[in-house]
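Inspection log for the structure reproduced underneath, given as structure tokens.
Because the structure is a prediction, the values reported are computed rather than measured. Residue numbering restarts at 1 for every chain, and letters A, B, ... go by the order of the sequence lines.
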Protein chains: 4
Amino acid sequence: MIEEAARLFSSKRFDEVLMDDIAQQAGVGKGTIYTYFADKEELYFAVVFEGISQLNEKLQQKVNGQRDPEKKLRRMVHHIVSFFNQNRFFFRLMSIEDGKSEGGKGENRKRWLEERRSQLEAIEGVLNDGVDEGVFAVGNARLEAAILRDMVRSAMIHSDGDISGDEMTDTIMRIFLRGVRKES
Amino acid sequence: MIEEAARLFSSKRFDEVLMDDIAQQAGVGKGTIYTYFADKEELYFAVVFEGISQLNEKLQQKVNGQRDPEKKLRRMVHHIVSFFNQNRFFFRLMSIEDGKSEGGKGENRKRWLEERRSQLEAIEGVLNDGVDEGVFAVGNARLEAAILRDMVRSAMIHSDGDISGDEMTDTIMRIFLRGVRKES
Amino acid sequence: MIEEAARLFSSKRFDEVLMDDIAQQAGVGKGTIYTYFADKEELYFAVVFEGISQLNEKLQQKVNGQRDPEKKLRRMVHHIVSFFNQNRFFFRLMSIEDGKSEGGKGENRKRWLEERRSQLEAIEGVLNDGVDEGVFAVGNARLEAAILRDMVRSAMIHSDGDISGDEMTDTIMRIFLRGVRKES
Amino acid sequence: MIEEAARLFSSKRFDEVLMDDIAQQAGVGKGTIYTYFADKEELYFAVVFEGISQLNEKLQQKVNGQRDPEKKLRRMVHHIVSFFNQNRFFFRLMSIEDGKSEGGKGENRKRWLEERRSQLEAIEGVLNDGVDEGVFAVGNARLEAAILRDMVRSAMIHSDGDISGDEMTDTIMRIFLRGVRKES
DNA sequence: GATGAATGAGCCTTCATTCAT
DNA sequence: GATGAATGAAGGCTCATTCAT
């Protein structure tokens with residue numbers, strides 16, 4: 001149900017997605033949705049958080065069990081690319097939420113910001129590790145973490161499926177690593 | 001009228017923006033909007049295209065009157081940053097449209113893709129110039145142009161006004177330039 | 001202006017006729033209509049009354065200057081047919097008004113009933129003359145006058161222009177005259 | 001629901017009848033109407049066709065089980081009078097539709113013309129039977145059928161409830177029968 | 001007096017939500 | 001718990017009417 005909702009929400013505007021459509025696609029009665037979600041908005045955010053949580057969890061795992069900051073970074077980027085490749089709709093949903101400024105029911109907005117922070121902190125941590133080890137030189141770690149992550153978004157949007165996940169990862173890493181590597 | 005609509009559309013969901021609100025904010029009667037736009041959707045896209053056209057036009061100007069590819073690139077990035085800083089709503093609207101996949105009345109979708117292509121080609125051109133001059137080394141110029149442009153988006157989102165336009169430009173250029181500079 | 005309005009009101013529903021259309025057809029500015037008529041409804045009734053008054057006036061003339069009741073009747077029917085043939089729209093408008101029951105602003109409704117009464121009285125008078133002269137035998141003169149007049153409507157609707165005014169008159173008179181002629 | 005809509009549509013102009021009123025009169029929610037009819041227009045025509053179909057069906061029955069053309073005709077007229085007496089609104093709706101010329105979505109217009117034709121053919125058939133049996137003499141059977149049917153309309157309009165259905169039938173038959181009877 | 005751009009009251013229609021089955 | 005027919009609040013849109021030019 002969440003999956004079908006995700007598919008729809010990521011390809012159409014919120015108001016263009018009808019509860020009827022979701023129910024039909026998910027193969028359940030319309031009323032059934034309301035057994036699990038208070039309203040359309042709640043379903044929407046369930047979809048959004050389902051996606052980002054899952055990604056964040058996996059991302060955390062990649063950090064562990066690897067020493068070299070560059071390799072860690074590459075594994076993380078590779079994972080983000082893979083995840084988005086398999087869940088193109090989630091990636092679009094996240095883009096949308098990321099673009100928002102203040103709006104939304106504070107509750108959800110807050111949760112979203114937390115998830116995003118947690119995601120960026122994972123990347124930021126690796127960058128800082130690299131700095132500590134004397135291999136990276138970053139100005140604003142948080143900002144650069146965000147830039148790295150969004151490079152994936154950018155690559156996804158502009159690849160239209162023409163470019164393999166590996167090629168994307170390579171391109172992103174080439175640009176980014178040289179950008180943050182400490183000049184010797 | 002378009003300006004007020006842009007402000008509203010960029011801070012709320014399409015369905016949360018009421019024609020009544022737009023009319024009120026713009027200080028015109030509701031009916032007046034319909035004298036100029038067939039419906040809410042048309043107004044929305046007028047807003048979107050107004051923004052991107054304006055940006056693209058200015059961007060084209062920056063390319064001329066400058067030799068050094070690095071300096072050209074910096075001027076372009078600086079301009080995008082300034083433009084988005086002055087029109088925060090447009091930048092959000094563009095993010096939204098960029099995220100979309102197929103949907104929408106083909107008409108508008110097509111126009112959007114064209115505007116985007118034109119924008120990226122401007123950047124791409126500079127990258128290719130750099131390659132010709134032997135100062136840049138790029139793999140997929142279009143993709144890397146897109147990445148550069150989206151770095152601005154990323155920086156905007158994650159700066160929340162804390163970071164000045166110049167600092168943003170510097171950070172972006174530092175990362176990107178080193179990423180594309182030909183290794184000597 | 002009234003004429004164009006008549007043409008439109010008789011071929012479309014009241015709500016389908018736009019003030020814009022009337023203005024355009026009549027070749028005047030929309031505001032100009034309001035110089036002469038308080039609102040759409042007033043224009044509509046001006047149209048309706050213009051038609052029936054004109055018809056009634058002419059009908060009255062036909063009665064005079066003829067002795068024989070049958071000939072009078074024939075001349076009247078012939079005139080109604082001619083008038084409707086030249087003003088097909090008026091005939092439709094009258095049908096509409098005739099069909100109504102109570103509704104409408106009492107003012108107009110009252111005026112309409114008066115005009116209709118006056119019209120039927122003209123016919124009724126001839127019928128009564130015939131009765132006085134011993135050539136007609138009628139039950140309810142008013143009702144039979146109405147039936148005669150509506151025969152024209154009926155013939156108009158079902159002729160679609162295939163039948164000439166004279167043939168219509170002949171058919172109507174054949175049926176009606178034999179129906180009211182005193183049996184010898 | 002159709003019945004209440006019929007009552008309203010026959011006493012007011014299309015644009016004066018509000019969907020709210022229909023819903024309220026019918027004792028259903030406004031949205032419910034749209035479960036069964038696509039829009040106001042569709043409901044309107046459903047109402048119109050419901051009436052004429054019902055009448056036509058019954059009319060067909062009257063033709064059977066009777067030999068004498070005059071008696072058949074009288075039974076048909078009597079039935080039309082009764083039907084209209086019981087469904088005054090339908091009779092007004094039919095008048096309106098009959099008066100129209102070209103307009104309307106071809107679909108509905110076509111259907112209307114068919115129903116009307118079928119109705120007139122029933123009457124026409126009896127007239128032709130009479131001609132075959134040598135008791136009637138008609139010029140244009142279709143036209144005279146139409147005239148007969150519309151005599152009922154005429155009588156309805158001008159009776160205002162003062163005249164009984166039987167009296168109406170008698171008057172109509174007296175005029176019409178003598179009009180078509182073959183002169184001996 | 002004529003005009004037509006601007007207006008906003010009003011209405012049709014949609015669709016999230018409910019609740020009886 | 002599941003369902004989907006019924007609901008009505010809400011909002012997009014129309015168009016008669018106004019009034020500054």
What's the [atom1]-[atom2] distance between [X] and [N], to the nearest Å?
X: Arg13(B); N: dG11(F); atom1: CZ; atom2: P; result: 12 Å
X: Tyr44(B); N: dG12(F); atom1: OH; atom2: P; result: 15 Å
X: Asp20(C); N: dT18(F); atom1: CG; atom2: P; result: 15 Å
X: Met19(D); N: dG10(E); atom1: CE; atom2: C1'; result: 15 Å
X: Asp21(D); N: dG10(E); atom1: CG; atom2: P; result: 14 Å
X: Met1(D); N: dT7(F); atom1: CE; atom2: C1'; result: 13 Å

I want to check a possible cation-pi pair here: Arg111(A) against Phe49(A), using under 6.0 Å from ring centre and within 45° of the ring axis as the test.
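The answer is yes; both the distance and angle limits are met.
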
Under 4.0 Å between any heavy atoms, over every strand shown, what does Tyr36(D) touch: base, sugar-phosphate, or nothing? Just pick one.
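Touches sugar-phosphate only.
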
For Phe14(A), which contact category applies under a 4.0 Å heavy-atom criterion: base, sugar-phosphate, or nothing?
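Result for Phe14(A) = nothing.
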
Both distances under 3.5 Å, Watson-Crick or G-U wobble: on that basis, could you give the dot-bracket string for DNA chain E, with [ ] for crossing pairs and | for other-strand partners?
.||||||||||||||||||||

Salt bridge or not for Arg13(D) and Glu41(C), using N-O below 4.0 Å?
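Between Glu41(C) and Arg13(D) there is a salt bridge, with a charged N closer than 4.0 Å to a carboxylate O.
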
Taking the basic N atoms (NZ, or NE/NH1/NH2) and the acidic carboxylate oxygens, is any pair closer than 4.0 Å for Lys30(C) and Asp20(C)?
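A salt bridge links Lys30(C) with Asp20(C).
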
Hey, are the side chains of Arg117(B) and Trp112(B) touching, using non-hydrogen atoms and a 4.5 Å cut-off?
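Contact flag for Arg117(B)/Trp112(B) side chains = no.
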
How about Arg109(D) and Glu114(D): do any of their side-chain heavy atoms sit closer than 4.5 Å?
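Counting from C-beta outward, Arg109(D) and Glu114(D) never come under 4.5 Å.
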
Reading DNA chain F from 5' onward, which residue's closest nucleotide shows up sooner: Tyr34(B) or Tyr34(C)?
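Result: Tyr34(B).
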
Starting the side chain at C-beta, find the nucleotide from dT17(F), dC13(F), dC15(E) nearest to Lys40(C).
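From the listed options, dT17(F) comes nearest.
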
Got a sec: does the CD of Glu4(C) have more than 12 other heavy atoms crowding it under 6.0 Å?
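Result for CD/Glu4(C): enclosed.
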
Heavy-atom closest pair, residues Val47(B) and Phe90(B)
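Heavy atoms only, the tightest pair is O-CE2, 3.3 Å.
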
Apply side-chain contact (heavy atoms from CB on, under 4.5 Å) to residues Phe14(A) and Glu16(B) and explain how you reach the verdict.
CA-CA 10 Å; Phe14(A) 184 85; Glu16(B) 288 174 330; over 6 Å; no

Do the side-chain N and O atoms of Glu97(C) and Tyr44(C) include a donor-acceptor pair separated by under 3.5 angstrom?
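Glu97(C) vs Tyr44(C): donor-acceptor pair found between side chains.
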
Report each atom pair, protein N/O against N/O of nucleotides 7-9 of chain E, whose distance is under 3.5 angstrom.
from	atom 1	to	atom 2	distance (Å)
dT7(E)	OP2	Gly29(B)	N	2.8
dT7(E)	OP2	Thr32(B)	OG1	2.3
dG8(E)	N7	Gly31(B)	N	3.1

